[in-house]
Q: 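To start, I am sharing the structure in question, which I have written as structure tokens.
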Amino acid sequence: MSIANEVLLQALASRRSIKPKHLCTPAPSLQELSKLVQTAMRVPDHNLSIPYRFVVVEEKDRDKLARLYEQAARNLGACEDKVAKARSKAFKGPMIAAFIVRLSPQEEAGGTEALLTAGAALGQFMQALAAAGFGGIVLSGSLLADASLQSAFCRDAAEKLVAWISIGTPKPDAPKPMPEDRQPVLSVWEAPQC
């Protein structure tokens, strides 16, 4: 293996999720973000489909997002402390992007291929983000199921808001990646006896 390939593998193996409290400005510009999303589009797909999209929440719209979070928490029956905590999530991290997936059960394999493509794209986006010197974390949670939040981001019933991505520059004191010491999830198939 070439030295360049070894360095690339080492970089891929050292990617880590970085919580919003460990991110600072600058976040990528929309032009930089566009390049990173284009990198994400290089994943395996089915018939060149792109069953996902990234939506940046601009700074000026964070208060509107906070109100949606607040309402979603109330819809779940949260107490006022949890409503306030939900609201505060809209202001964490230098940049927030929504990750939306289009799943159509009518498609071949019932949308499984679309889901695999979307997951691969999200993973590759996070790797590209790290390679460009930025950091981030993919976040989900019960608020995502809220109908008002879904309709605020989704174009139609086939789309689903599945995650938030908090993006920025890692602070110098951000936790370092833990070594990957889990056993590889790899085995050799044992064919059944016929």
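Everything numeric in this text was worked out from a predicted model, so none of it was measured.
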Q: Quick one: do Leu143 and Ile96 end up in the same hydrophobic cluster if we chain Ile, Leu, Val, Met, Phe, Trp and Tyr together by side-chain heavy atoms under 4.5 Å apart?
A: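 Yes, it is one cluster - the side chains of Leu143 and Ile96 are joined through contacts under 4.5 Å.
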Q: Go through the side-chain N and O atoms of Asn75 and Gln71 and say whether any donor and acceptor fall under 3.5 Å apart.
A: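 Asn75 vs Gln71: donor-acceptor pair found between side chains.
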Q: Please name the pair of heavy atoms, one in Ile167 and one in Pro28, separated by the smallest distance, quoted to 0.1 Å.
A: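 Taking every non-hydrogen atom into account, CG2-CD, 3.4 Å.
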Q: Below 4.0 angstrom, N of the basic side chain to O of the carboxylate: do Arg62 and Glu59 qualify?
A: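 Here Arg62 pairs with Glu59 in a salt bridge, since their nearest N and O are under 4.0 Å apart.
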Q: The test is side chain to side chain contact (heavy atoms under 4.5 Å, CB included); show your working for Leu116 and Asp45 and say whether it passes.
A: CA-CA 8 Å; Leu116 289 171; Asp45 54 47; over 6 Å; no
Q: Any donor and acceptor pair, going by atom type alone, linking the side chain of Glu6 with main-chain N or O of Met1 inside 3.5 Å?
A: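 Answer holds: no.
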Q: If I compare all heavy atoms of Ile137 with all of Ser17, which pair ends up nearest, and what's the gap?
A: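 The pair with the smallest heavy-atom distance is CG1-CB, 3.7 Å.
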Q: What's the shortest heavy-atom distance between Gly93 and Pro20, and which atoms?
A: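 Reported closest heavy-atom pair: N-CB, 3.8 Å.
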Q: Under 4.0 Å between a Lys/Arg side-chain N and an Asp/Glu carboxylate O for Arg74 and Glu80?
A: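 Glu80 and Arg74: salt-bridged.
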Q: Would you say that Leu149 contacts Tyr69 through its side chain, given a criterion of any heavy-atom pair below 4.5 Å between the two side chains?
A: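 Yes, their side chains come closer than 4.5 Å.
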Q: Looking only at heavy atoms, what is the nearest atom pair of Pro170 and Arg16, with distance?
A: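 It is CB-NH2, 4.2 Å.
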Q: Kindly give the heavy-atom pair with the smallest separation between Ala121 and Ala40, and that separation in Å.
A: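 Between these two residues, the closest heavy atoms are O-CB, 3.3 Å.
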Q: Is it the case that atom CZ in Arg42 sees more than 12 heavy atoms from other parts of the structure closer than 6.0 Å?
A: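 Atom CZ in Arg42 is not packed in, count stays at 12 or less.
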Q: Does the side chain of Ile100 come within less than 4.5 Å of Val162's, by heavy atoms?
A: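 The answer is no; the side chains never approach within 4.5 Å.
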Q: Take atom CD of Gln10 as the centre, draw a 6.0 Å sphere, and report whether it contains more than 12 heavy atoms from other residues, nucleotides or ligands.
A: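 12 or below, so no.
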Q: Mind checking the CZ-NZ spacing from Arg102 to Lys160? Nearest 0.5 Å is all I need.
A: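 Here the rounded value is 14.5 Å.
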Q: Under a single-linkage definition using a 4.5 Å side-chain heavy-atom cutoff for Ile, Leu, Val, Met, Phe, Trp and Tyr, are Leu103 and Val55 assigned to the same hydrophobic cluster?
A: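 They do not share one cluster, since no chain of ILVMFWY contacts under 4.5 Å joins Leu103 to Val55.
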Q: To the closest 0.5 Å, what do you measure between CG (Asp173) and NE2 (His22)?
A: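 Going from the CG atom of Asp173 to the NE2 atom of His22 covers 6.5 Å.
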Q: Is the backbone N or O of Pro26 less than 3.5 Å from a side-chain atom of Thr169, with the two atoms forming a donor-acceptor pair by type?
A: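 Side chain of Thr169 to backbone of Pro26, a donor-acceptor pair under 3.5 Å: yes, one is there.
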Q: If hydrophobic clusters are built by linking Ile, Leu, Val, Met, Phe, Trp and Tyr wherever their side-chain heavy atoms come under 4.5 Å apart, do Val56 and Phe91 end up in the same one?
A: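 No.
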Q: If you measure from CG on Leu30 to CE on Met95, what distance do you get to the nearest 0.5 Å?
A: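 These two atoms lie 6.0 Å from each other.
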Q: Got a second to check how far Asp146's CG is from Leu76's CG, nearest 0.5 Å?
A: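 Spacing of CG (Asp146) from CG (Leu76) equals 7.0 Å.
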Q: Measure the CD-CZ distance between Gln38 and Phe125 for me, rounded to the nearest 0.5 Å.
A: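 Here the interatomic distance stands at 13.0 Å.
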Q: Which of these, Leu23, Leu33, Leu129, Ile18, sits in a side chain to side chain contact (heavy atoms under 4.5 Å, CB included) with Phe134?
A: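 One option only clears the test, and that one is Leu129.
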Q: Roughly how far apart are Lys92 NZ and Lys19 NZ, rounded to 0.5 Å?
A: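 Reported to 0.5 Å precision, the distance equals 10.0 Å.
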Q: Could you pull out the closest heavy-atom pair between Ala114 and Pro51, with the gap in Å?
A: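 So the minimum-distance heavy-atom pair works out to O-CG, 3.4 Å.
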Q: State plainly whether one hydrophobic cluster holds both Val57 and Leu161, where clusters connect Ile, Leu, Val, Met, Phe, Trp and Tyr through side-chain heavy atoms under 4.5 angstrom apart.
A: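 Same cluster.
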Q: Verify the cluster assignment for Val37 and Phe153: are they in a single hydrophobic cluster under the rule of side-chain heavy atoms below 4.5 Å apart?
A: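 No; tracing contacts between hydrophobic side chains, which count when under 4.5 Å, never links both residues.
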Q: Is the closest side-chain heavy-atom distance between Val138 and Trp164 below 4.5 Å?
A: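 They are not in contact (no side-chain heavy atoms under 4.5 Å apart), so the answer is no.
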Q: Compare all side-chain heavy atoms of Asp61 with those of Leu65 and state whether any distance is below 4.5 angstrom.
A: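 No, too far: nothing below the 4.5 Å cut-off.
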Q: Which residue in the set Lys85, Arg87, Lys89 passes salt bridge (Lys or Arg N to Asp or Glu O under 4.0 Å) when paired with Glu70?
A: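 The salt bridge (Lys or Arg N to Asp or Glu O under 4.0 Å) with Glu70 is passed solely by Arg87 among Lys85, Arg87, Lys89.
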Q: Are any of the side-chain heavy atoms of Gln124 and Met41 separated by less than 4.5 Å?
A: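 The answer is no; the side chains never approach within 4.5 Å.
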Q: For a 4.5 angstrom cut-off between non-hydrogen side-chain atoms, does Tyr52 reach Thr117?
A: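 Answer yes - side chains close enough.
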